[in-house]
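Right, one structure below, let's go through it.
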Amino acid sequence: LYDLRPLGALPPEALRFALEAASDPAARHVRTAIVVSDPQIGAALDEIGLLPESGNLRVFQQLDDAEKWLAQPFSRLLK
């Protein structure tokens with residue numbers, strides 16, 4: 001769980017680092033939730049291709065929603 005709500009924007013360097021970290025083959029087997037306060041940050045993450053189609057990384061605006069998603073059994077997320 002990455003809580004980025006205090007950030008008003010993500011600098012380009014942070015976006016590049018996020019893309020590199022998400023490209024790690026081991027990251028495919030980890031469920032990750034990112035909580036943002038500004039929908040534009042989520043859109044920027046999607047724009048650079050950070051949000052995979054597999055659904056193991058999601059962006060939320062509410063911490064409770066992110067925690068609920070992370071608490072679900074992994075088998076329920078595959079359906």
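Numbers for residues simply follow the sequence, beginning at 1.
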Minimum heavy-atom distance [X]-[Y], with the two atoms named:
| X | Y | value |
| --- | --- | --- |
| Trp69 | Leu57 | CH2-N, 4.2 Å |
| Pro39 | Ser37 | CD-O, 3.9 Å |
| Pro73 | Arg31 | C-NH2, 4.1 Å |

Quiz item: Looking at residues at least two apart in the chain, or sitting in another chain, which of them share a salt bridge (charged side-chain N to carboxylate O under 4.0 Å, His left out) with Asp65?
Solution: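 If we apply the salt bridge (charged side-chain N to carboxylate O under 4.0 Å, His left out) test to Asp65, skipping adjacent residues, there are no hits.
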Exercise. List for me each residue that meets side-chain contact (heavy atoms from CB on, under 4.5 Å) alongside Pro11, sequence neighbours excluded, and say none if there are none.
Key: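 By the side-chain contact (heavy atoms from CB on, under 4.5 Å) rule, Pro11 matches Glu13, Ala14.
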Quiz item: Among all residues two or more places apart in sequence or in another chain, which pass the side-chain contact (heavy atoms from CB on, under 4.5 Å) test with Leu1?
Solution: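 With neighbours one apart ignored, the set is Ala33, Val35, Leu63, Ala66, Glu67, Leu70.
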Practice problem: Count the heavy atoms belonging to other residues, nucleotides or ligands that lie under 6.0 Å from CD of Gln61, then report whether that count exceeds 12. | Solution: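 Buried by this count: over 12 neighbours within 6.0 Å.
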Quiz item: Does any non-hydrogen side-chain atom of Phe60 lie less than 4.5 Å from one of Ile34?
Solution: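 Ile34 does not reach Phe60 side chain to side chain.
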Self-check item: Set of residues satisfying side-chain hydrogen bond (donor to acceptor under 3.5 Å, both in side chains) with respect to Asp38, sequence neighbours excluded
Solution: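 Expected list: none.
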